Asker: 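What follows is a single structure, and I will ask about it in a moment.
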Amino acid sequence: MAKSETSSDTARPWQSYHTVYTNAKAGMDGVDKEKVQRIVYEMSKGSKYFENEERKEAFIRQKIETMRARCAKLTATDISHFQMVAEKRILELEAARNLSRIWLHVDMDAFYAAVETLSNPSLEGKPMAVGSMSMISTANYEARKFGVRAAMPGFIARKLCPELIFAPTDFKKYTYYSDLTRKVFQKYDPNFMAASLDEAYLNVTDVCKEKGVTGEEIAKEIRASVFEETGLTCSAGVAANRLLAKVCSDINKPNGQFVLPNNRMAVMTFISSLPVRKIGGIGKVTEHILSDALGINTCEEMLQKGSYICALFSQSTAEFFLSVGLGLGRTDTPEVRLQKSISNERTFSATGDETLLYRKLEEIAEMLSTDMQKEGLCGRTLTLKLKTAAFELRSRAVTSQKHICASKDILKHASKLLKAELPISLRLIGLRMSHLNEERDGVPLDPTQKTLTHFMVSGDASGKDVDEQRSFGHEAHDISDYFVNKEKSDSFTGSHETRHSHRDHLDSNHSSELNGDNCTFDSNAAEMETFHNPSSDVTADKLEGTSCLNTVTNGASLLEGEAEAVSSSGQRELFLWVNDYKCSICGIEMPPDFVEERQEHCDFHLAEKLQKGESSTVFRSSNLRQRVVCKDHIVSQSQRKKRKSSPKEGRHIPIDLFFIKSNQNF
DNA sequence: GAACGAGTTTTTC
DNA sequence: GCAGCGAAAAACTCGTTC
């Protein structure tokens, strides 16, 4: 089943170099695949990229070997068991087959390239690609004849086709034309699903009924209409579900369509010989695994080897493969398609220069923030993606309790993550925000998250006062030393380099304009909440860095929220970190960056008081508001793993238990 | 064992 | 002449916590 190293591999080493470029794409039927593979191999070998690809390839081979070994270990009883499992699942899937819908997948032909040709007719008939020397986004059909295609580095593309003309990407233009096509789609399915700028799924069941026409006729009409509106051609696939419609739209590309009748026999015949790679969601790696571990190359074989699929893959993956074997796909239109994450990343010449790296990070944070604000999104989990000079990928994430979208907040957390990875030589930095909601910054904490802090400050656990009460306008934050130093050195402040459109550039070395906010303390970054008590001047004292907190030597520490003031029975009692290190109540020492542990420690003392029965008056009175809390809960899991909780950990009260206890006191 | 978070992998254009 | 391989999103896996 598996491909073993043969003598031809040694004689023609490029044959075992798996790239995505030999996968048949529309317009590439007559391409000399071996020649393309050889050129790609020869231009790549010896590079760091190539070495990394080889590492990845070896990893996949290992995975395949493991799977084959697992297959070999399956006993006859195992196989018969999994055969039954597969058959049962196939019957269930078959019972749910829905052939009542007519789905249309519309795919614009070489979209970016076609738009470029439209605006520059001299490109007509010439091989051209949209992109740059480092990477191309798409190629027209003339270029595809040479093996040039999307996701190929420009320098390889030029080697394959020396006449190749490059056009820079212009997303504004593509968006404009995309909008024109969408206006057409809208007429046929108001709930059409845009898959990308140049692709959409339309449920035309209703419109076919209304007009008394077939899916084929609607497809023709739509394609004609798109051409009329844009001057661009597209291809369409018509089938009973989205998965099949997508496969169908590729069959008669460009400027064609294919209709798969809505009957089981037609679907099964169509799917039987279909290579698995044609299915959306099955890419280079899955194809490789299915082929080399299980000998599965066509969709039909998914069913034939159902027992092995059920034995080797997770339930959801097995189910997907079996449904592919049956030619099943989604037939519904999801009511809401919520975006799960939003990200921005940039590649640049590999560097270990920390100043440069921080500058890049800052640019990306800025771009991400802009994108998020455009979309009206805020997120809780920030992931830093890094690609080392050796092309190895890493990611580090932090999850905050608060949804954020401001660049200064993003940068604050991103800086911490990056700082932990230094020194490092990088060629890419990316930032991704997930756990999105659609509300703006400053949303209240999720009321289901019953943190002690939240409970205390809101009084009624609703959290509604949190933002109103957040009053520190001049906090220091825990941003990396770099930004503090940067402000001092003024190496960026006041520079007014142009900010370019982030989508159009690879390897752009521009520096974004750095406004004062990014260099100075920001108002939200420390996430410090102050609840001012008219009878206490804690807030004012802190702001002025005087009197009651003068045991803390470092003024900045005060502003970082490293002090806690707890009021008890109207009598002010200070709880703070002496010398920014030592708990004033029990004397336990904890470094300043143990933010979460410190918070936990504060909570512990507070809970201790409550347990001693000292709490009721505190909670009943408005003095509750005078607690100054440090709420920076944002600590990466990796950091958490490294650090152990305070020695008092054993006495920590589970938060839910605490709620029960304190509610009893009310 | 479900939910969640972090980190990795895969796919797509 | 020379070196040189992207960006975005989501799924998946695994460990931790409750």
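Naming: A, B, ... by sequence-line order, numbering from 1 per chain. Quick caveat: nothing in here was measured; it's all calculated off a predicted structure.
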Asker: Sequence neighbours excluded, which residues qualify as salt bridge (charged side-chain N to carboxylate O under 4.0 Å, His left out) partners of Arg70(A)?
Answerer: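 Partners of Arg70(A) under the salt bridge (charged side-chain N to carboxylate O under 4.0 Å, His left out) test: none.
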Asker: Where the side chain of Arg432(A) is defined as all heavy atoms beyond and including C-beta, which of dC13(B), dA9(C), dT13(C) is the nearest nucleotide?
Answerer: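 Of the options given, the side chain of Arg432(A) lies nearest dA9(C).
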Asker: Among residues two or more places apart or on two chains, list those pairs meeting salt bridge (charged side-chain N to carboxylate O under 4.0 Å, His left out) that have a residue in residues 310-323 of chain A.
Answerer: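 Salt bridge (charged side-chain N to carboxylate O under 4.0 Å, His left out) check on residues 310-323 of chain A returns Arg89(A)-Glu319(A).
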Asker: Return the set of residues passing salt bridge (charged side-chain N to carboxylate O under 4.0 Å, His left out) with Lys145(A) (not counting sequence neighbours), or none when no residue passes.
Answerer: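 Checked Lys145(A) against salt bridge (charged side-chain N to carboxylate O under 4.0 Å, His left out); zero matches.
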Asker: Of all residues at least two apart in sequence or in a different chain, which pass the side chain to side chain contact (heavy atoms under 4.5 Å, CB included) check with Ala139(A)?
Answerer: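 In terms of side chain to side chain contact (heavy atoms under 4.5 Å, CB included), with neighbours along the sequence ignored, Ala139(A) is linked to Ala129(A), Ala143(A), Arg144(A), Val148(A).
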Asker: Would you mind reading off the bend of the helix from dG1(B)-dC18(C) to dC13(B)-dG6(C) from its two end axes, five pairs each, to 10 degrees?
Answerer: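 That helix has its two terminal axes inclined by roughly 20°.
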Asker: Going by the ring pair (Phe, Tyr, Trp, His ring centres under 6.0 Å) test, which pairs reach into residues 375-399 of chain A, not counting sequence neighbours?
Answerer: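 The answer is Tyr49(A)-Phe391(A).
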Asker: Please write out each protein N/O paired with an N/O of nucleotides 8-11 of chain B under 3.5 Å, distance rounded to 0.1 Å.
Answerer:
| unit_1 | atom_1 | unit_2 | atom_2 | d |
| --- | --- | --- | --- | --- |
| dT8(B) | OP2 | Ser395(A) | N | 3.1 |
| dT10(B) | OP1 | Lys63(A) | NZ | 3.3 |
| dT10(B) | O3' | Thr286(A) | OG1 | 3.4 |
| dT11(B) | OP1 | Gly283(A) | N | 2.6 |
| dT11(B) | OP1 | Thr286(A) | N | 3.2 |
| dT11(B) | OP1 | Thr286(A) | OG1 | 2.2 |
| dT11(B) | OP2 | Lys284(A) | N | 3.4 |
| dT11(B) | OP2 | Val285(A) | N | 3.0 |
| dT11(B) | O5' | Gly283(A) | N | 3.3 |
| dT11(B) | O3' | Gly281(A) | N | 3.4 |

Asker: Only counting residues at least two apart or in another chain, list the ones meeting salt bridge (charged side-chain N to carboxylate O under 4.0 Å, His left out) with Glu421(A).
Answerer: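 Here the qualifying residues are Arg394(A), Arg396(A).
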Asker: Provide, to the nearest angstrom, the distance between the NZ atom belonging to Lys387(A) and the P atom belonging to dA8(C).
Answerer: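 Whole-Å distance recorded here is 12 Å.
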Asker: Output all residues satisfying side chain to side chain contact (heavy atoms under 4.5 Å, CB included) with Ala113(A), sequence neighbours left out; order by chain, then residue number.
Answerer: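 Testing Ala113(A) for side chain to side chain contact (heavy atoms under 4.5 Å, CB included), a comparison that skips the adjacent residues, returns Ala110(A), Met128(A), Val130(A), Thr138(A), Asn140(A).
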Asker: Consider the side chain of Asn344(A), meaning its heavy atoms from C-beta on, and name the nucleotide among dA9(C), dA8(C), dA11(C) that approaches it most closely.
Answerer: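 Within the option list, the nearest is dA8(C).
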Asker: Could you give the CG-to-C1' distance, from Leu382(A) to dG7(B), as a whole number of Å?
Answerer: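 Spelled out: CG on Leu382(A) to C1' on dG7(B) is 14 Å.
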Asker: Is there a side-chain contact between Ile64(A) and His288(A) in this structure, where contact means two heavy atoms from C-beta onward sitting under 4.5 Å apart?
Answerer: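 Yes, at least one pair of side-chain atoms sits under 4.5 Å.
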